[in-house]
Amino acid sequence: MRKLPVILGLLLFLCVFFPACEVENCPPNSMSYAHFALVDQNGRSFSTSDTITVVGQTLVGIVVYDTLTDGSLQPRTVDSLVSDTFINREAGASSFKLPLSYNNSTRFVLSYRSLENRFSGTDTINISHRNIPYFINLDCGSMMFYEVTGVTSTHHRLDSLTITNPNIDNNEKENFKIYFTVIASDE
């Protein structure tokens with residue numbers, strides 16, 4: 001009986017100072033975003049004077065069923081365009097970050113409107129990438145990293161697009177520079 005308080009104290013000490021084997025060290029952000037910087041023709045950061053809307057698009061295979069003359073169903077896969085608005089009429093943007101698709105390519109449509117709400121143009125950015133699944137541990141789950149393999153764009157308003165870092169992960173770093181021609185205004 002005298003040893004019971006000692007044993008209970010020792011067990012309490014072990015439970016308090018030696019928790020379970022796994023220590024949860026999950027990253028604070030588990031999403032990977034592509035970071036875009038808007039720069040002028042000289043590579044200096046600038047803020048847009050127009051509003052910008054960014055829509056992400058990806059092709060998804062949807063299974064549809066055709067009814068044959070004998071009444072049976074025949075499945076076939078049809079490509080369907082899925083879109084989502086990520087940024088809606090943001091004024092004064094100098095950079096933004098966007099998620100990529102789990103497919104091998106992602107398309108972004110940038111629409112510009114002047115401050116008088118007149119349509120000013122649209123550009124399309126197509127990014128080809130390789131998906132890299134990354135398993136952290138059982139408690140934190142997994143993440144998707146990307147390696148950019150190619151990029152193309154239209155040139156209605158933007159001049160060019162360069163890849164500054166092809167590896168997209170959950171670290172906050174610039175991946176693309178979007179170049180615009182900026183005309184200096186005399187005030």
Side-chain angles (χ1 to χ4, degrees), residues 28-64 76-133 143-187:
N29 60 343
S30 60
M31 294 292 294
S32 300
Y33 292 102
H35 291 262
F36 295 84
L38 306 180
V39 295
D40 65 9
Q41 63 270 23
N42 299 317
R44 295 181 302 236
S45 178
F46 83 100
S47 297
T48 60
S49 58
D50 295 345
T51 63
I52 188 168
T53 299
V54 180
V55 176
Q57 297 179 335
T58 189
L59 285 176
V60 177
I62 306 258
V63 177
V64 295
R76 66 182 168 100
T77 303
V78 177
D79 285 336
S80 179
L81 184 65
V82 177
S83 352
D84 195 6
T85 302
F86 293 120
I87 299 173
N88 191 15
R89 294 187 179 180
E90 182 175 340
S94 61
S95 67
F96 48 85
K97 57 185 182 176
L98 302 169
L100 296 181
S101 169
Y102 284 172
N103 290 341
N104 292 332
S105 65
T106 305
R107 176 186 301 157
F108 296 112
V109 178
L110 283 66
S111 298
Y112 314 99
R113 289 193 173 275
S114 65
L115 294 178
E116 295 83 33
N117 207 21
R118 289 191 314 250
F119 180 71
S120 298
T122 300
D123 279 309
T124 303
I125 298 172
N126 293 304
I127 301 172
S128 301
H129 49 83
R130 185 173 67 92
N131 300 335
I132 306 167
M143 295 187 292
M144 186 66 77
F145 294 162
Y146 306 93
E147 179 185 13
V148 176
T149 56
V151 63
T152 60
S153 64
T154 59
H155 302 287
H156 301 290
R157 293 283 305 267
L158 65 87
D159 286 337
S160 61
L161 175 67
T162 60
I163 303 170
T164 55
N165 182 6
N167 299 317
I168 299 173
D169 52 26
N170 63 332
N171 295 325
E172 301 278 334
K173 59 186 174 226
E174 176 184 288
N175 301 106
F176 301 95
K177 281 190 180 182
I178 300 176
Y179 288 87
F180 291 92
T181 299
V182 178
I183 300 170
S185 61
D186 296 330
E187 296 177 16

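Counting begins at 1 with the first residue of the sequence.
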So does [Y] get a backbone contact from the side chain of [X], meaning a donor-acceptor N/O pair under 3.5 Å?
X	Y	result
D40	N42	yes
S101	T106	no
N175	N167	yes
S47	S94	no
N104	S128	no

Which residues pass the side-chain hydrogen bond (donor to acceptor under 3.5 Å, both in side chains) test with D123, sequence neighbours left out? Y112, T154

Quick one: list whatever passes side-chain hydrogen bond (donor to acceptor under 3.5 Å, both in side chains) with S32, sequence neighbours left out. none

Point-to-point distance, once rounded to the nearest 0.5 Å, from [atom1] of [X] to [atom2] of [Y]:
X	Y	atom1	atom2	answer
S160	F180	OG	CZ	10.0 Å
M144	I168	CE	CD1	12.5 Å
I127	R107	CD1	CZ	12.0 Å
H155	Y179	NE2	OH	13.5 Å
E147	H129	CD	NE2	11.5 Å
E174	F36	CD	CZ	10.5 Å

So, for [X] and [Y], which heavy atoms are closest and what is the spacing to 0.1 Å?
X	Y	result
L38	A93	CD1-O, 3.4 Å
I132	Y146	CD1-C, 4.3 Å
D79	G61	OD1-CA, 4.2 Å
S114	D50	CA-OD1, 3.6 Å
G56	F86	CA-CE1, 3.5 Å
T58	S105	OG1-O, 3.9 Å

Side chain to side chain contact (heavy atoms under 4.5 Å, CB included), that's the test. Do K173 and H35 meet it? Break it down for me. CA-CA 7 Å; K173 59 186 174 226; H35 291 262; 5.7 Å; no

Less than 4.5 Å apart, side chain to side chain, heavy atoms only: is that true for L100 and F108?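 Yes, close enough: below the 4.5 Å cut-off.
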
Compare all side-chain heavy atoms of V148 with those of F176 and state whether any distance is below 4.5 angstrom. yes

Test side chain to side chain contact (heavy atoms under 4.5 Å, CB included) applied to V109 and Q57, step by step: CA-CA 8 Å; V109 178; Q57 297 179 335; 3.7 Å; yes

